[in-house]
Engineer: 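Here it is, the structure, as structure tokens.
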Amino acid sequence: MHTDAAPHGALTQDLAAKIPPAEEVAGVFGLSATEREIWVRARPHLDVRNNDAHSLYAWGIARQLLPLVPGADPDVVLPAILLHDTGWGRVDEERILSEGFSGDWRKADIRYEHERQGCLIAEEVLPELGYDAEFVGRVTAIIDGHDTRPEARSLEDALVRDADRLWRFDQVGIALASSWFKLTPSAYMDRLETEIVPELQTSAARQMAEADLARSRALLKASVLR
């Protein structure tokens with residue numbers, strides 16, 4: 001006789017009504033109506049290499065950074081971060097890992113191509129939602145070179161670049177990205193410290209990276225598992 005059966009109806013109850021709206025929970029962000037429209041159009045291009053999860057995670061980081069970076073325009077930053085990696089969905093998936101994460105990976109042709117394709121997707125998506133050419137140009141200027149260009153072109157560009165990189169410092173980002181680069185998590189965390197932290201554009205992002213890296217090293221026992 002089984003004694004671990006759930007109470008009648010416990011597994012079939014609809015609990016959605018018990019989940020509070022995101023805006024009522026401190027520290028939880030929700031996409032605005034406009035951002036949801038962008039996301040619906042971006043999402044089909046992000047179903048490769050966990051880019052859907054990465055893009056939403058980076059969007060959340062951008063939301064956290066915005067109050068700490070006075071002057072950055074959220075109306076540009078947030079659409080740009082949702083769209084920045086859509087170009088990966090239009091390139092050869094086999095080349096992404098073989099070329100985009102080995103050797104001089106920042107200068108790999110596949111990275112330039114994903115940026116170019118991302119700009120084209122933004123030029124398709126944003127006008128459908130009523131954005132004018134000037135706005136589209138501000139977004140594509142960020143997408144173009146977000147991986148391959150060493151400098152930021154604007155404050156919004158700096159914030160998007162920082163949010164894009166900061167997700168790597170969390171345990172999930174470390175687990176995924178270390179496998180792409182064929183490194184142990186400990187070796188990858190060392191690389192974050194020496195290569196990625198110096199690239200961060202804002203002091204808020206650097207502080208966040210250092211705190212996240214220290215926490216990840218402790219949780220992942222980096223001093224022991226090398």
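Quick caveat: nothing in here was measured; it's all calculated off a predicted structure.
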Engineer: State the CG-OG1 distance between Leu126 and Thr34, to the nearest 0.5 angstrom.
Structural biologist: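 Going from CG on Leu126 over to OG1 on Thr34, the span is 11.0 Å.
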
Engineer: Can a donor-acceptor pair be found, under 3.5 Å and without considering hydrogens, that links the side chain of Glu93 to the backbone of Val91?
Structural biologist: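 Not confirmed, Glu93 side chain does not pair with Val91 backbone.
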
Engineer: Between Asp157 and Arg149, does the salt bridge (Lys or Arg N to Asp or Glu O under 4.0 Å) criterion hold? Intermediate values first, please.
Structural biologist: CA-CA 11 Å; Asp157 188 2; Arg149 176 169 32 83; 2.8 Å; yes

Engineer: Would you confirm whether Arg191, through its side chain, and Ala187, through its main-chain N or O, come within 3.5 Å as a donor-acceptor pair?
Structural biologist: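 Flag not set: sc Arg191 to bb Ala187 has no pair under 3.5 Å.
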
Engineer: Going only through I, L, V, M, F, W and Y residues with side-chain contacts under 4.5 Å, is there a path from Tyr57 to Val48?
Structural biologist: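 As far as the 4.5 Å side-chain criterion goes, Val48 and Tyr57 are connected within one cluster.
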
Engineer: Please round to the nearest 0.5 Å and tell me the distance separating atom CG of Asp144 and atom CD of Glu115.
Structural biologist: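 Spacing of CG (Asp144) from CD (Glu115) equals 6.0 Å.
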
Engineer: Shortest non-hydrogen contact from Ala80 to Ile143?
Structural biologist: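 Here Ala80 and Ile143 meet closest at O-CG1, 4.5 Å.
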
Engineer: How many angstroms lie between atom CG of Leu220 and atom CD of Gln171, to the nearest 0.5 angstrom?
Structural biologist: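 Interatomic distance, Leu220 CG to Gln171 CD, rounded to 0.5 Å: 5.5 Å.
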
Engineer: Is there a path of hydrophobic side-chain contacts, each under 4.5 Å between heavy atoms, that joins Leu83 and Tyr112?
Structural biologist: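 No.
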
Engineer: Would you say Thr140's side chain and Cys119's backbone share a donor-acceptor pair under 3.5 angstrom?
Structural biologist: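 Here the side-chain-to-backbone pair does not exist.
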
Engineer: Just by distance, do the side chain of Glu156 and the backbone of Asp73 share a donor-acceptor pair under 3.5 Å?
Structural biologist: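 Yes; at least one donor-acceptor contact below 3.5 Å.
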
Engineer: Examine distances only and state if a side-chain atom of Glu35 and a backbone atom of Leu78 form a donor-acceptor pair shorter than 3.5 Å.
Structural biologist: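 Side chain of Glu35 to backbone of Leu78: no pair is present.
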
Engineer: Is the shortest heavy-atom distance from the side chain of Tyr188 to the side chain of Arg168 under 4.5 Å?
Structural biologist: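 Answer yes - side chains close enough.
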
Engineer: Find out whether Leu120 and Arg90 are in side-chain contact, i.e. whether some heavy atom of one side chain is under 4.5 Å from a heavy atom of the other.
Structural biologist: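 Sidechains of Arg90 and Leu120: in contact.
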
Engineer: With a 4.5 Å limit on heavy-atom distance, are the side chains of Lys107 and Arg111 in contact?
Structural biologist: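 Answer no - side chains too far apart.
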
Engineer: For residues Leu166 and Ile196, determine if any side-chain heavy atom of one lies less than 4.5 Å from a side-chain heavy atom of the other.
Structural biologist: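 Of all side-chain heavy-atom pairs linking Ile196 with Leu166, none is under 4.5 Å.
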
Engineer: Heavy-atom count check: over 12 atoms from other residues, nucleotides or ligands less than 6.0 Å from Glu94 CD?
Structural biologist: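 Not more than 12 within 6.0 Å, no.
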
Engineer: For the pair Asp164 and Arg161, evaluate salt bridge (Lys or Arg N to Asp or Glu O under 4.0 Å) and give the outcome as yes or no after the intermediate values.
Structural biologist: CA-CA 5 Å; Asp164 183 25; Arg161 293 162 69 88; over 6 Å; no

Engineer: Set out, in order, the CA-CA distance, both residues' side-chain angles and the distance that settles ring pair (Phe, Tyr, Trp, His ring centres under 6.0 Å) for His146 and His114, then state yes or no.
Structural biologist: CA-CA 10 Å; His146 70 270; His114 105 275; 5.0 Å; yes

Engineer: Establish whether Met189 and Val172 are linked, either directly or via other cluster members, by ILVMFWY side-chain heavy-atom contacts under 4.5 Å.
Structural biologist: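 Met189 and Val172: one cluster.
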
Engineer: Check step by step if salt bridge (Lys or Arg N to Asp or Glu O under 4.0 Å) holds for Asp190 and Arg217.
Structural biologist: CA-CA 10 Å; Asp190 291 343; Arg217 277 177 162 153; 3.0 Å; yes

Engineer: Using a 4.5 Å cut-off on heavy atoms from C-beta on, say whether the side chain of Val197 contacts that of Leu192.
Structural biologist: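 Result no, sub-4.5 Å side-chain heavy-atom pair not found.
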
Engineer: Looking only at non-hydrogen atoms, find the nearest pair between Glu199 and Gln201 and report the distance.
Structural biologist: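 Where Glu199 meets Gln201 most closely, the heavy atoms are O-NE2, 3.0 Å.
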
Engineer: Of all heavy-atom pairs between Trp39 and Ser55, which one has the smallest distance, and what is that distance?
Structural biologist: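 Where Trp39 meets Ser55 most closely, the heavy atoms are CZ3-CB, 4.1 Å.
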
Engineer: Considering non-hydrogen atoms only, spot the tightest contact between Thr86 and Gly118 and give its length.
Structural biologist: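 Between these two residues, the closest heavy atoms are OG1-CA, 3.7 Å.
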
Engineer: Using a 4.5 Å cut-off on heavy atoms from C-beta on, say whether the side chain of Trp88 contacts that of Ile110.
Structural biologist: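 Result yes, sub-4.5 Å side-chain heavy-atom pair found.
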
Engineer: If I take atom NE2 from residue His54 and atom CG from residue Asp85, how far apart are they, to the nearest 0.5 angstrom?
Structural biologist: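 Answer for the NE2-CG pair, His54 versus Asp85, is 4.5 Å.
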
Engineer: Supply the atom-to-atom distance Ile61 CD1 to Leu56 CG, rounded to the nearest 0.5 angstrom.
Structural biologist: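 Rounded to the nearest 0.5 Å, the CD1-CG separation comes to 11.5 Å.
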
Engineer: Report yes if the side chains of Leu68 and Gln207 come closer than 4.5 Å at any heavy-atom pair, otherwise no.
Structural biologist: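 Answer no - side chains too far apart.
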
Engineer: Main chain of Phe135, side chain of Asp132: is a donor-acceptor contact present, judged purely on distance under 3.5 Å?
Structural biologist: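 Checked: pair present.
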
Engineer: Check Ala163 against Ala58 and note the closest heavy-atom contact, atom names and distance.
Structural biologist: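 Result for this residue pair: CB-O, 3.5 Å.
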
Engineer: Atom CG in Asp52, atom CG in Leu82: separation rounded to 0.5 Å?
Structural biologist: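 Here the rounded value is 12.0 Å.
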
Engineer: With distance as the sole test, does Asp162 use its side chain to make a donor-acceptor pair with the main-chain N or O of Thr202 at under 3.5 Å?
Structural biologist: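 Yes: the side chain of Asp162 pairs with the backbone of Thr202.
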
Engineer: Do Val77 and Leu65 have side-chain heavy atoms sitting under 4.5 Å apart?
Structural biologist: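 Answer no - side chains too far apart.
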
Engineer: Are Ile96 and Phe181 connected in a single hydrophobic cluster, I mean Ile/Leu/Val/Met/Phe/Trp/Tyr linked by side-chain heavy atoms less than 4.5 Å apart?
Structural biologist: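 Same cluster: Phe181 reaches Ile96 through Ile, Leu, Val, Met, Phe, Trp or Tyr contacts under 4.5 Å.
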
Engineer: Hydrophobic cluster membership, with links at side-chain heavy-atom distances under 4.5 Å among I/L/V/M/F/W/Y: are Leu129 and Val136 in one?
Structural biologist: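 Hydrophobic grouping puts Leu129 with Val136.
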
Engineer: Could you report the tightest heavy-atom contact between Leu200 and Ala205, atom names first, then the distance?
Structural biologist: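 Minimum heavy-atom contact is CD1-O, 3.7 Å.
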
